[in-house]
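Here the structure is laid out as structure tokens; the discussion comes afterwards.
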There are 2 protein chains.
Amino acid sequence: MIDKNSHIPIYAQLENILLEMIESGDLKPGDMIPSENELSKKYSISRMTAKKAIDSLTIKGLVERTQGKGTYVCSIEKKIELPINRLRGFTQKVCEMGLTPENKVLAFEKMPCPKNICKILGIKEGESIWRMERVRQIDEVPAVFEESYISVKLLPNLKEKNLLKSKFDYIKSLGLEIGNSEREISAEIPSDYVASALKLKRNEPILLAENITYLKKGTVLEYSKIYYNQKKYKFKFIAEGN
Amino acid sequence: MIDKNSHIPIYAQLENILLEMIESGDLKPGDMIPSENELSKKYSISRMTAKKAIDSLTIKGLVERTQGKGTYVCSIEKKIELPINRLRGFTQKVCEMGLTPENKVLAFEKMPCPKNICKILGIKEGESIWRMERVRQIDEVPAVFEESYISVKLLPNLKEKNLLKSKFDYIKSLGLEIGNSEREISAEIPSDYVASALKLKRNEPILLAENITYLKKGTVLEYSKIYYNQKKYKFKFIAEGN
DNA sequence: GAGTGGTCTAGACCACCAA
DNA sequence: TGGTGGTCTAGACCACTCC
């Protein structure tokens, strides 16, 4: 079963063995997989090597580990669909569900604009900006972590309480017209800070969208980074054929 | 510097130390970071613990390791922009650059349709489908790995050579009109097979798009999974404000 | 208290790279 | 040949869960 003289590392071989057991249905969603001790005995390998194999399955999202309990094959949960090609996808979806989005504000501060963000927002170095961090959730389940930068000149009277509801609703209420957003999307391993804000384990990959949002008149309104929790949500849009 | 009695693991503390050295510019892109041996001596920790810290920086894309050479801070490379909201983003971009896309066909076979894919394609169980794997690249740099399923009934005369150029061009040449595609996007740790096809290291996160592509008349043309290489490419689209 | 995973160690052998 | 990272070991202590 495991060839210790193979050029393929033992942990990779064991990972493949477990993978096949999961894909073949030998191990079903919700089942506990053999413990590190069992595996190390069964295959005559060290516990650390067995752990490395299972850890790899963990970050791939196939199993879930709990200290004291064991390692279980992940269930295929029904995920909530969010349209990622709309700025207000989350707000819209939550409203459709008859709920209101809960926003937790983790940071709200006025600060001098750092060089790199000045360029993006098109303002002078040293000008004041708002820096905000929010977690947006439904039923205590975090959906997105949002880090956002807006010029103070544009929103001089912004208060933390305006962030508890839709930020764009507040902006619209000031008579500003919001245009489109350039969105760059990538897969990232988040910092421990972001991971814990989204209640995720270390080294789980997540979607990141970096956005430059414009006003209809063309000036830049906001630069933001949005981290999406894939555990409970899935992200869709339509790609055009032509 | 490192508190061995802290509830924060030593490897996480060391990772943060190195992270700050990189973010502060103390370690610049291209610089070699201290070796595992140096770090284990300096902080009186074991080499395995130092390795764990550096491995974490590796999957975050901050450093690159080479056996025999050392670990180096990643440079900020200029990436090629690909529009992810168009089915033919890659082909279009390559043409704009005055090149033709190079496609490598890794698999091309006729097979009975598995249950889950039957549902998606809207065909009967046991009907024949084409299963294809391609890597699409520019200058030997893989951009995307594509796994695709199409009913044989729709394309009875498909040949492997039709996959060397644009697949959609071939389909159009048959008089079929391609519509839009439902695209679900996620961040994933790829299998070792996909990672090596894209010339990536183990456990690096990548973007995955799962697509259901329709013909204009409404029937399903294709189910595909596209894995995007973020090392050299970045993926953009416009999100609508309203 | 028994079993689980989380961390850490000190040492080993290997493959790879550069000088 | 010496230094690097890649793998693996056998053992240790801990925190957690469940009974």
Side-chain angles (χ1 to χ4, degrees), chain A residues 1-18 27 30-59 62-74 192 195-196 200-204, chain B residues 1-18 27 30-59 62-74 192 195-196 200-204:
Chain A
M1 219 62 164
I2 279 186
D3 175 5
K4 295 205 179 185
N5 298 314
S6 163
H7 65 283
I8 300 167
I10 296 173
Y11 65 79
Q13 294 182 55
L14 177 55
E15 188 186 337
N16 284 332
I17 290 172
L18 295 170
L27 286 169
D31 283 357
M32 180 175 164
I33 74 168
S35 72
E36 295 175 354
N37 274 318
E38 282 178 81
L39 290 170
S40 70
K41 267 177 217 154
K42 174 165 182 188
Y43 295 104
S44 305
I45 59 178
S46 100
R47 205 195 117 198
M48 284 293 272
T49 304
K51 179 175 174 54
K52 193 163 179 180
I54 303 175
D55 280 345
S56 192
L57 292 175
T58 307
I59 61 168
L62 291 162
V63 300
E64 234 167 355
R65 325 195 72 184
T66 316
Q67 199 175 111
K69 284 183 73 178
T71 303
Y72 296 82
V73 180
C74 285
D192 291 350
S196 79
L200 298 174
K201 294 227 173 127
R202 206 185 150 76
N203 288 349
E204 277 183 292
Chain B
M1 218 63 163
I2 280 186
D3 176 4
K4 295 206 178 181
N5 298 316
S6 163
H7 65 284
I8 300 167
I10 295 174
Y11 65 79
Q13 294 182 54
L14 177 55
E15 188 187 339
N16 284 331
I17 289 172
L18 294 169
L27 286 169
D31 283 358
M32 181 178 165
I33 75 168
S35 73
E36 294 175 354
N37 274 317
E38 283 179 79
L39 290 171
S40 69
K41 268 178 217 156
K42 174 166 180 187
Y43 294 104
S44 305
I45 60 178
S46 98
R47 205 194 117 199
M48 286 292 273
T49 304
K51 178 175 174 52
K52 191 160 180 182
I54 302 176
D55 280 346
S56 191
L57 292 175
T58 307
I59 61 169
L62 291 162
V63 300
E64 232 167 357
R65 325 195 72 184
T66 317
Q67 200 176 115
K69 284 182 70 179
T71 302
Y72 296 82
V73 180
C74 286
D192 292 349
S196 77
L200 298 174
K201 294 228 173 125
R202 205 185 151 77
N203 287 350
E204 278 183 292

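To find a chain, count down the sequence lines: A is the first, B the second, and so on, and within it residues start at 1.
- Taking 4.0 angstrom as the limit, B/Thr71 places a side-chain polar atom (N or O) nearer than this to OP1 or OP2 of D/dG5.
- Among the atoms of the strands shown, only primed sugar atoms or phosphate atoms (P, OP1, OP2) are found under 4.0 Å from some heavy atom of A/Glu38.
- Of the candidate nucleotides C/dG6, D/dT4, C/dT9, D/dT4 has the atom nearest to the side chain of B/Ser35.
- You'll find the side chain of B/Lys42 stays beyond 4.5 Å of the side chain of B/Pro34, heavy atoms only.
- Here D/dT4 is the nucleotide among C/dT9, D/dT9, D/dT4 with the atom lying nearest to any side-chain atom of B/Asn37.
- Scanning all heavy atoms of the two residues, the minimum distance from A/Asn5 to A/Asp3 falls at N-OD1, 2.9 Å.
- Looking at the side chain of B/Lys52, the nearest of the listed nucleotides D/dC8, D/dG5, C/dT7 is C/dT7.
- Considering only side-chain atoms of A/Lys69, the nucleotide from C/dG5, D/dT9, D/dC18 that sits closest is D/dC18.
- Per the geometry, NZ belonging to A/Lys4 stands 21 Å off P belonging to D/dG6, to the nearest Å.
- Between B/Val63 and B/Leu18 there is no side-chain heavy-atom pair separated by less than 4.5 Å.
- Rounded to a whole Å, the OH atom of B/Tyr43 is 19 Å from the C1' atom of C/dT7.
- Between B/Lys4 and B/Tyr43 the shortest heavy-atom distance is CE-O, 4.0 Å.
- Contact annotation: B/Arg65 does not reach the phosphate of D/dT4 (side-chain N/O to OP1 or OP2, under 4.0 Å).
- Each of C/dT7, D/dT9, D/dC16 was ranked by its minimum atom distance to the side chain of A/Gln67; first place goes to D/dC16.
- The nucleotide whose nearest atom lies closest to any side-chain atom of A/Lys51 is, among C/dG6, C/dA10, D/dG6, C/dG6.
- Counting only heavy atoms from C-beta outward, the side chains of B/Pro9 and B/Lys52 never approach each other to under 4.5 Å.
- Closest to the A/Pro9 side chain, of the nucleotides D/dT9, D/dT7, C/dT9, is D/dT7.
- Between the CE atom of B/Met32 and the P atom of C/dA18 there is a distance of 12 Å, given to the nearest Å.
- A straight line from OH of A/Tyr11 to P of D/dC8 spans 7 Å, rounded to a whole angstrom.
- Between A/Thr49 and D/dT9 there is a side-chain polar atom (N or O) within less than 4.0 angstrom of OP1 or OP2.
- Distance A/Tyr72 OH to D/dC18 C1': 10 Å, rounded to the nearest Å.
- Where B/Met48 and B/Glu36 each meet DNA chain D at their nearest nucleotide, the meeting point lying more 5' is that of B/Glu36.
- The distance between atom NZ of A/Lys41 and atom P of D/dG11, rounded to the nearest whole Å, is 13 Å.
- Rounded to whole Å, the distance from CG on B/Leu57 to P on D/dG5 is 13 Å.
- Of all heavy-atom pairs between A/Gln13 and A/Ser6, the closest is NE2-CB, 3.6 Å.
- Atom CG of A/Leu39 is separated from atom P of D/dC8 by 15 Å (rounded to the nearest Å).
- Taking the side chain of B/Arg47 as heavy atoms from C-beta on, and the options D/dG6, C/dG6, D/dC18, the nearest nucleotide is D/dG6.
- Looking at heavy-atom distances under 4.0 Å, A/Ile54 makes no contact with the nucleic acid at all.
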